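Just so you know, these numbers come straight off a predicted model, no measurement behind them. Below, chains carry the letters A, B, ... as their sequence lines are ordered, and counting in each starts from 1.
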Amino acid sequence: MTAPDPKDFKPAPPAPQPGGLAARAMVRPATPPYLEQLNPEQRAAVEALDGPVLVLAGAGTGKTRVLTTRLAHLLNTQKAWPGQILSVTFTNKAAREMKERIGALIGNMVEGMTWLGTFHSIGVKILRRHAELVGLRSDFSILDTDDQIRLLKQLISTEGIDEKRWPARQLAAHIDGWKNRGLTPDKVSQGEGAAYANGKGKKLYAEYQARMKILNAVDFGDLLLETLRLFMENEDVLKEYRIKFKYMLVDEYQDTNVVQYLWLRLLAQGTQNICCVGDDDQSIYGWRGAEIDNILRFEKDFPGAKVIRLEQNYRSTPHILAAASGLISHNEDRLGKTLKTDLKDGDKVILRGHWDGDEEARTIGEEIEALQIKKTNLDEIAILVRAAFLMRSFEDRFITLGLPYRVIGGPRFYERAEIRDAMAYIKITQSPDHDLAFERIINVPKRGIGSTSVKKMHQFARDNRVSLYRAAQAMCQNGGLTKRTASSLAGLLEDFARWRSKLDTLDHTELAEIILDESGYTQMHQVSKDPKSDGRLDNLKELIRSMADFENMTGFLEHVALVMDTTSEDAEQKVNLMTLHAAKGLEFDHVYLPAWEEGLFPHQRSLDESGHAGLEEERRLAYVGITRAKKRATISFAQNRRVHNLWQTSLPSRFIDELPQENIATDDMDSGYGGYDKSVFGGSRFDDITPFSNTYQTPGWQRAQQRQKSGDNLHTAPKIIEGQMAATDSTPSAFEPGTRIFHQKFGYGEITDISGNKLTIEFEKAGEKRVIDSFVEVA
DNA sequence: CTGGAGGATCTTTTT
DNA sequence: GATCCTCCAG
């Protein structure tokens with residue numbers, strides 16, 4: 001998939017009124033060159049400018065190209081100005097990419113496309129303009145997940161609820177779910193409100209919203225929900241935006257949730273010029289409220305909608321495509337598409353079983369090294385995992401091998417503790433009433449202001465209906481704190497006042513440096529013996545550096561709140577490591593898909609929480625994974641894997657069974673493509689086990705299947721079952737300390753400690769390990 | 001009251 | 001392996 005050549009596009013002549021007489025009279029070439037490069041379906045999707053259009057774009061069918069060309073076409077035919085087109089994407093990455101590619105087509109006219117962005121960033125923009133209509137001030141702050149949890153924890157403990165029993169995260173998840181479905185507290189049904197803490201959920205939600213209004217803050221969900229409320233309650237505002245957005249373009253429509261859907265529908269009822277692009281087979285955000293239904297019922301929502309299917313795949317070889325198609329055909333809820341490719345045969349999808357996760361990482365590492373020697377571009381190699389923790393074994397391996405790699409969407413820069421601390425200092429300097437930020441750093445570095453003092457301040461703040469900062473000020477002067485605490489606190493408040501006075505005069509990066517320096521925060525890390533401190537100091541420097549890209553502090557804070565990732569452009573070739581979710585929309589020559597094991601993939605949690613729908617979503621995730629590959633896909637699984645420092649035995653994923661056999665090569669020596677050499681790297685006991693035969697005869701697998709049949713798997717996994725069942729089981733372990741045992745991975749050993757079903761065993765060869773009791777037998 | 005040390009419990013995916 | 005939480009000493 002390549003971007004259309006910029007020189008094929010002739011910029012539109014300057015500017016008669018769109019749709020005006022002059023525009024209509026203008027002579028244009030019959031077929032603009034950029035259209036000729038498209039296939040008939042793509043072209044139809046680009047040219048159907050007016051009225052509702054749904055483009056069902058299968059993986060690798062040139063979706064982004066259609067989107068960008070369509071935008072260019074809209075501008076070129078002068079149907080609209082850049083500022084009259086609303087184009088929403090799902091991620092910042094997608095928004096950035098689209099902007100770049102449109103820029104390549106239309107040049108700096110792209111700067112006029114002010115309404116291109118994620119739902120959230122567009123929501124903020126609209127909300128800031130009309131903040132007072134939803135009870136906010138226009139300088140409201142945006143809370144991230146961490147702030148959200150802290151705030152909820154406070155509310156929960158005030159309510160006298162045991163946070164142990166009812167975790168704040170759970171409440172946050174409920175609230176998020178409600179917001180995703182467009183439910184304000186008053187609209188949450190009693191039954192649902194009861195889902196948390198015996199019926200207190202609804203009340204807490206209302207309290208949370210009220211508290212946010214006092215703090216002049218919103219969370220991610222509000223950015224959508226409050227914008228929707230704004231439109232629904234203010235007809236004139238809605239009308240304004242209906243007129244403003246002459247054309248609407250929605251990317252990844254299958255990932256929209258109910259609020260986003262309502263929001264779009266409300267706006268689209270004006271001109272009806274809405275074009276949604278998506279692929280029902282790639283809907284992987286159901287857990288975040290995405291309604292695959294939105295795309296499935298588009299034609300009902302917009303009567304007379306044109307539906308265009310893009311089925312010509314330009315990315316993958318036939319075997320890869322067939323394997324992916326075969327897998328996804330096991331899903332029931334789909335619109336159905338048949339992807340075709342003109343590419344030549346290529347390799348079959350390779351399937352490999354491993355003895356354990358380490359061997360899997362080793363094998364993949366060796367193979368990538370072999371590719372590297374053959375001068376393969378490392379940027380074209382990716383390892384896609386189901387869960388982030390699976391990346392670690394690959395990182396370890398790559399570090400040992402000296403293989404350069406990058407983690408995409410890994411631990412986010414702005415989520416690191418030191419960055420959040422620094423940001424908190426900056427936020428307080430700018431808006432003193434930001435209670436959550438204040439609380440975060442009030443005792444970092446240590447100032448002798450402990451939790452008891454903070455509690456007192458909270459009490460005072462609540463009683464007098466002021467912010468924590470004001471409460472602190474008052475209590476410093478009027479007493480209520482110990483002398484020591486009060487003087488320390490007074491010092492801090494003075495610092496803040498001083499920094500604040502410089503806010504307008506001093507350059508924001510300079511001020512940030514002064515704040516970090518004078519607060520003692522930098523010093524705290526300099527003095528620390530923690531080996532990670534150096535890295536933290538580097539991160540702080542990087543923070544200051546990235547601030548320089550922004551005009552002022554306000555602009556920077558907005559960026560941080562919405563665009564959590566940093567775009568570090570590195571020229572060096574590196575292997576890509578990421579989760580399957582992060583991989584959507586990307587493509588690579590070589591794709592590795594490790595850890596296809598029951599319980600992990602499909603993930604047990606997904607099955608427990610969403611049942612059949614969850615399984616289908618997991619399958620779509622697998623489909624997304626395979627379809628990222630252009631030339632070669634390698635799927636693997638391991639029989640043993642360490643999770644939370646415990647060894648677990650796993651079964652191959654059911655998805656492996658669903659792959660069409662004729663497109664799969666189970667013998668890695670057959671591939672003739674740098675397969676690893678057993679004689680060199682040491683074969684494993686698993687090498688001769690093909691996943692289609694005796695693996696499924698293992699006792700564990702049969703047990704798992706029996707449990708599934710008896711419906712006993714609601715809360716336990718076939719895989720993790722062994723641990724979880726035993727953990728909840730009150731029957732004591734059959735083992736005793738001192739017992740000599742045998743374990744199939746580690747050999748003989750002696751039990752030194754027992755905690756529930758977890759055994760600590762001193763192995764003769766492998767040293768001390770913790771394992772689950774069901775994996776060992778008395779020797 | 002504060003701060004350090006040691007312990008339990010997790011990790012699916014993200015704006 | 002990391003973070004959060006609890007407990008205990010000063």
NA contact type, E609(A), heavy-atom cut-off 4.0 Å: base, sugar-phosphate, or nothing? base

Students often get this wrong, so: under 4.0 angstrom with heavy atoms, is F119(A) touching a base, only sugar-phosphate, or nothing? nothing

Would one find a side-chain N or O of T579(A) under 4.0 angstrom from OP1 or OP2 of dT14(B)? yes

Write down the distance between [atom1] ([X]) and [atom2] ([N]), rounded to a whole number of angstrom.
X	N	atom1	atom2	answer
L607(A)	dT13(B)	CG	C1'	14 Å
E252(A)	dT14(B)	CD	P	14 Å
F389(A)	dT9(B)	CZ	P	19 Å
R605(A)	dT11(B)	CZ	C1'	8 Å
Q282(A)	dT13(B)	CD	C1'	15 Å
D608(A)	dT11(B)	CG	P	14 Å
K584(A)	dT13(B)	NZ	C1'	11 Å

Go through the structure and list residues passing side-chain contact (heavy atoms from CB on, under 4.5 Å) with A422(A), not counting sequence neighbours. L516(A), L540(A), L543(A)

Contacts of A437(A) meeting side-chain contact (heavy atoms from CB on, under 4.5 Å) (sequence neighbours excluded), chain-then-number -> A424(A), K427(A), I428(A), H434(A)

Can you pull the salt bridge (charged side-chain N to carboxylate O under 4.0 Å, His left out) pairs that have at least one residue in residues 118-128 of chain A, sequence neighbours excluded? R128(A)-E558(A)

Residues in salt bridge (Lys or Arg N to Asp or Glu O under 4.0 Å) with [X], at least two apart?
X	result
D146(A)	R150(A), R420(A), R440(A)
E395(A)	none
R628(A)	none

Residue pair R406(A) / N576(A), side-chain donor-acceptor N/O under 3.5 Å: yes

Checking side-chain hydrogen bond (donor to acceptor under 3.5 Å, both in side chains) against D281(A), which of R619(A), R334(A), Q254(A) comes through? R334(A)

Would W287(A) count as stacking on dT13(B) if stacking means ring centres less than 5.5 angstrom apart and planes tilted under 30 degrees? yes

Flag as yes if F220(A) stacks onto the base of dT15(B) (centroids under 5.5 Å, planes under 30°), otherwise no. yes

Heavy atoms under 4.0 Å is the rule here; annotate nucleotides 1-10 of chain C 5' to 3' with B where the base is hit, S where only the sugar-phosphate is, and - elsewhere. SS--SS----

Side chain to side chain donor-acceptor pair (under 3.5 Å) filter on Y592(A), not counting sequence neighbours, yields E367(A), R632(A)

For nucleotides 1-8 of chain B, tabulate all protein N/O to nucleotide N/O atom pairs closer than 3.5 Å, reporting atom names and distance.
| residue | atom | partner | partner atom | Å |
| --- | --- | --- | --- | --- |
| dC1(B) | OP1 | K456(A) | NZ | 2.6 |
| dT2(B) | OP1 | G450(A) | N | 2.8 |
| dT2(B) | OP1 | S453(A) | OG | 2.7 |
| dT2(B) | OP2 | T452(A) | N | 3.3 |
| dT2(B) | OP2 | T452(A) | OG1 | 3.1 |
| dG3(B) | OP1 | G448(A) | N | 3.2 |
| dG3(B) | OP2 | N443(A) | ND2 | 3.1 |

